Engineer: 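Let me begin by handing over the structure; questions about it come next.
What you see is a predicted model; the values in this text were computed from it and never measured.
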Amino acid sequence: MTDDGGEEGGERAPSGAFSADSTKQALADACSAAGLDPGGADLLRLGENAIYRLRSAPVVARIARTVEYLPDIETEVAVARWLESVNFPSVRLAGPDDQPLVADERVVTFWELVSERAEYGTVAELASLLRQLHGLEPPASLVLPELRPFRRVEPRIGQAELDGEDRGFLRDRLEELRGKYAGLEFALPPGPVHGDANIGNIIRRQDDGTAVLIDLDGFADGPREWDLVLTAMYFERFGWHTAEEYDAFVDVYGFDVMSWPGYPVLRDIRELIMVTWLAQNTRESPKIAAEVGKRIADLRSGDGRRDWAPY
């Protein structure tokens with residue numbers, strides 16, 4: 001997905017590079033179309049999306065980078081409606097019935113505010129949600145895209161502020177991992193996957209404490225191992241989960257992805273994605289730029305525990 005800031009076909013380009021300042025116009029335009037008040041909205045997160053919490057209603061606005069993301073967000077909306085129809089514990093759409101909206105050449109959706117405090121669920125609850133999710137059969141009307149783990153990696157490498165040596169290293173690693181991924185033999189049957197399954201994407205509802213799955217924009221049809229690898233590597237590689245937490249994850253889900261021979265390949269792919277995802281935001285702060293440099297250096301150095309700062 002690219003965003004060169006240019007204009008094509010006479011359409012207006014987004015208001016500058018993807019940043020806190022440049023997304024405010026999209027928020028204002030989308031809220032105006034939806035009959036919502038953007039006044040005093042707080043930017044909660046700037047990553048793959050800009051996430052705003054409205055002050056006028058218990059609603060969260062998600063703003064994607066460009067209109068090129070529209071097919072993905074249309075799938076996300078369809079997934080949200082499917083999960084609500086089967087009463088799966090996930091975040092619900094809010095605001096207008098007609099979503100997504102295109103505003104200032106960005107794609108905007110509105111969601112319920114699950115909780116003011118953003119209390120995350122447990123690793124065991126994540127395993128339970130994934131077990132439930134992986135047991136669902138989507139309706140014939142919902143056509144999920146095939147999982148493409150590398151789809152956004154190369155554009156991010158090209159757009160990031162990197163020196164030539166680092167850019168070349170990341171591109172070489174990308175090609176190496178593409179080849180390894182193509183040769184994997186998966187142990188679990190394929191089907192619907194969340195795409196970014198980690199405890200940062202499960203939040204407790206403020207009213208009843210139920211853990212619900214959020215951030216549905218990565219839904220795809222693919223190997224279920226893809227939804228299990230983040231928890232495994234957060235334990236094994238980063239130490240963000242304890243051994244007891246990981247054991248609980250395995251017990252509840254019923255499969256240990258670390259016992260599968262292809263685990264190191266998926267882990268390395270996820271690490272590359274983590275680096276390139278953050279690299280697209282180096283302009284936001286020197287701290288982010290320094291973290292990206294550290295991450296690239298760690299990839300060069302080979303295996304071993306990482307002390308990457310979570311974002």
Engineer: Do L147 and P223 come close enough that some side-chain heavy atom pair is under 4.5 Å?
Structural biologist: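 In contact.
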Engineer: Heavy atoms only: give me the nearest A61-L27 pair and the separation to one decimal.
Structural biologist: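 Reported closest heavy-atom pair: CB-CD1, 3.7 Å.
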Engineer: Distance to the ring centre below 6.0 angstrom and angle to the axis at most 45 degrees; does that hold for R306 and W240?
Structural biologist: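 Not satisfied by the 6.0 Å and 45° rule.
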Engineer: Would you check if F186 and W260 make a side-chain contact, meaning some heavy-atom pair closer than 4.5 Å?
Structural biologist: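 Counting from C-beta outward, F186 and W260 do come under 4.5 Å.
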Engineer: Would you call the rings of W308 and F238 parallel, tilted or perpendicular, taking 30° and 60° as the class edges?
Structural biologist: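 It falls in the tilted class, 30° to 60°.
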Engineer: Using a strict threshold of under 4.0 Å (side-chain N to carboxylate O), is an ion pair present between K24 and D104?
Structural biologist: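 Here D104 does not pair with K24 in a salt bridge, since their nearest N and O are not under 4.0 Å apart.
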Engineer: Salt-bridged, R205 to E112, with N to O below 4.0 Å?
Structural biologist: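 Judged by the 4.0 Å cut-off on N to carboxylate O distance, R205 and E112 do form a salt bridge.
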Engineer: Give a yes or no on whether E185 atom CD has more than 12 heavy-atom contacts from other residues, nucleotides or ligands under 6.0 Å away.
Structural biologist: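 No.
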Engineer: Any side-chain heavy atom of V123 sitting closer than 4.5 Å to one from F235?
Structural biologist: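 Heavy-atom side-chain distance check fails, nothing below 4.5 Å.
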Engineer: Taking the side chain as everything from C-beta on, heavy atoms only, tell me whether L129 gets closer than 4.5 Å to P89.
Structural biologist: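 The answer is yes; the side chains approach within 4.5 Å.
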Engineer: Atom CD of Q206 and atom CD of E116: how far apart are they, to the nearest 0.5 Å?
Structural biologist: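 Output value for this atom pair is 6.0 Å.
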Engineer: Ignoring hydrogens and geometry, is there a side-chain-to-backbone donor-acceptor pair from H194 to D217 under 3.5 Å?
Structural biologist: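 Such a contact is absent between H194 side chain and D217 backbone.
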Engineer: Can you confirm whether more than 12 heavy atoms, excluding those of R81, are under 6.0 Å from its CZ atom?
Structural biologist: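 Correct, the count exceeds 12.
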Engineer: Just wondering, do L136 and L83 contact through their side chains at under 4.5 Å, heavy atoms?
Structural biologist: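 Side chain of L83 against side chain of L136, heavy atoms only: contact under 4.5 Å found.
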Engineer: Between L113 and V59, what is the shortest heavy-atom contact and its length?
Structural biologist: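 Looking at all heavy atoms of both residues, the closest pair is CB-N, 4.1 Å.
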Engineer: Taking C-beta and beyond as the side chain, do L299 and V275 meet within less than 4.5 Å on heavy atoms?
Structural biologist: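 Side-chain contact under 4.5 Å: yes.
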Engineer: Determine whether a donor-acceptor pair (N or O, by modelled atom type, separation under 3.5 Å) exists between the side chain of S32 and the backbone of A28.
Structural biologist: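 Not confirmed, S32 side chain does not pair with A28 backbone.
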Engineer: Is any side-chain N of the basic residue among E291 and R295 closer than 4.0 Å to the acidic one's carboxylate O?
Structural biologist: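 Judged by the 4.0 Å cut-off on N to carboxylate O distance, E291 and R295 do form a salt bridge.
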Engineer: Extract all donor-acceptor atom pairs below 3.5 Å that involve side chains of residues 36-43 and protein atoms in other chains or at least two apart in sequence.
Structural biologist:
residue : atom : partner : partner atom : Å
D37     : OD1  : G39     : N            : 2.8
D42     : OD2  : R55     : NE           : 2.7
D42     : OD2  : R55     : NH2          : 2.4

Engineer: Compare every heavy atom of L144 with every heavy atom of D221, then report the nearest pair and how far apart it is.
Structural biologist: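 Scanning both residues, the minimum pair turns out to be N-CB, 3.9 Å.
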Engineer: Can you establish whether the number of heavy atoms outside R148 located under 6.0 Å from its atom CZ is more than 12?
Structural biologist: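 Not more than 12 within 6.0 Å, no.
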Engineer: Check whether R270 reaches the backbone of W226 with its side chain - one donor and one acceptor, N or O, closer than 3.5 Å.
Structural biologist: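 Indeed, once roles are kept as given, a pair shorter than 3.5 Å links the two residues.
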Engineer: Run the side-chain hydrogen bond (donor to acceptor under 3.5 Å, both in side chains) check on Y263 and E236 step by step: do they pass?
Structural biologist: CA-CA 11 Å; Y263 163 70; E236 179 255 343; 2.7 Å; yes
Engineer: Given side chains that start at C-beta, do those of L126 and F249 come closer than 4.5 Å, heavy atoms only?
Structural biologist: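 Answer yes - side chains close enough.
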Engineer: To the nearest 0.5 Å, how far apart are CG in N87 and CD in Q132?
Structural biologist: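 Separation between the atoms: 10.0 Å.
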Engineer: Please round to the nearest 0.5 Å and tell me the distance separating atom CG of D196 and atom CG of D215.
Structural biologist: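 Answer for the CG-CG pair, D196 versus D215, is 7.0 Å.
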Engineer: Residues two or more places apart in sequence or in another chain: which of them pass side chain to side chain contact (heavy atoms under 4.5 Å, CB included) with V292?
Structural biologist: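 Per chain and number, V292 pairs via side chain to side chain contact (heavy atoms under 4.5 Å, CB included) with L162, L278, A279, T282, I288, I296.
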Engineer: Could you name each residue pair satisfying side-chain hydrogen bond (donor to acceptor under 3.5 Å, both in side chains) that touches residues 91-100, not counting sequence neighbours?
Structural biologist: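 Sorted result for residues 91-100: S90-R92.
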Engineer: Looking at CD1 of I199 and OG1 of T122, how far apart are the two atoms once the value is rounded to the nearest 0.5 Å?
Structural biologist: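 The CD1 atom of I199 sits 8.0 Å away from the OG1 atom of T122.
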Engineer: Salt-bridge test for K180 and E175: reply yes if a basic N is under 4.0 Å from a carboxylate O, no otherwise.
Structural biologist: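 No salt bridge links K180 with E175.
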Engineer: How long is the straight-line distance from CD1 of I273 back to CZ of R156, given to the nearest 0.5 Å?
Structural biologist: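 The distance works out to 7.5 Å.
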Engineer: Using the side chain to side chain contact (heavy atoms under 4.5 Å, CB included) criterion, which residues pair with D307? Sequence neighbours excluded.
Structural biologist: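 Applying side chain to side chain contact (heavy atoms under 4.5 Å, CB included) to D307 gives K294, D298.
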Engineer: Between F169 and R300, is there a cation-pi geometry (under 6.0 Å to ring centre, at most 45° from the normal)?
Structural biologist: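 So R300 does make the cation-pi contact.
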Engineer: What closest approach, in Å, do Y69 and A64 show between heavy atoms, and which atom pair accounts for it?
Structural biologist: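 Nearest pair, atom of Y69 first, then A64: CB-CB, 3.9 Å.
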Engineer: Could you go through R106 and S22, starting from their C-alpha distance and side-chain angles, then the distance that decides it, and tell me whether this counts as side-chain hydrogen bond (donor to acceptor under 3.5 Å, both in side chains)?
Structural biologist: CA-CA 10 Å; R106 305 194 197 277; S22 71; 3.3 Å; yes
Engineer: Sequence neighbours left out, what pairs pass ring pair (Phe, Tyr, Trp, His ring centres under 6.0 Å) with at least one residue falling in residues 101-149?
Structural biologist: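 Sorted result for residues 101-149: H134-Y253.
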Engineer: For side chain to side chain contact (heavy atoms under 4.5 Å, CB included), just list the numbers for R151 and D72, CA-CA rounded to whole Å, side-chain angles, deciding distance to a tenth of an Å, and then say yes or no.
Structural biologist: CA-CA 12 Å; R151 181 168 58 121; D72 294 342; 3.1 Å; yes
Engineer: Using only heavy-atom distances, determine whether the side chains of D21 and S19 contain a donor-acceptor pair under 3.5 Å.
Structural biologist: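 S19 and D21 do not have a side-chain donor-acceptor pair below 3.5 Å.
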Engineer: For E165, give me all partners under salt bridge (charged side-chain N to carboxylate O under 4.0 Å, His left out), at least two apart in sequence or on another chain.
Structural biologist: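 So E165 forms no salt bridge (charged side-chain N to carboxylate O under 4.0 Å, His left out) with any residue.
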Engineer: Are any side-chain N or O atoms of N49 and backbone N or O atoms of I51, one a donor and one an acceptor, separated by less than 3.5 Å?
Structural biologist: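 No: the side chain of N49 does not pair with the backbone of I51.
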Engineer: Just how far is it from atom CD of Q280 to atom CH2 of W277, taken to the nearest 0.5 Å?
Structural biologist: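 If we round to the nearest 0.5 Å, Q280:CD and W277:CH2 are 7.5 Å apart.
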Engineer: Could you tell me whether R62 and E76 make a salt bridge, using a distance below 4.0 angstrom between a side-chain N and a carboxylate O?
Structural biologist: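 Looking at R62 and E76, the cut-off is met.
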Engineer: Could you tell me how the ring of F219 sits relative to the ring of W82: parallel (under 30°), tilted (30 to 60°) or perpendicular (over 60°)?
Structural biologist: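 Ring orientation of F219 relative to W82: perpendicular.
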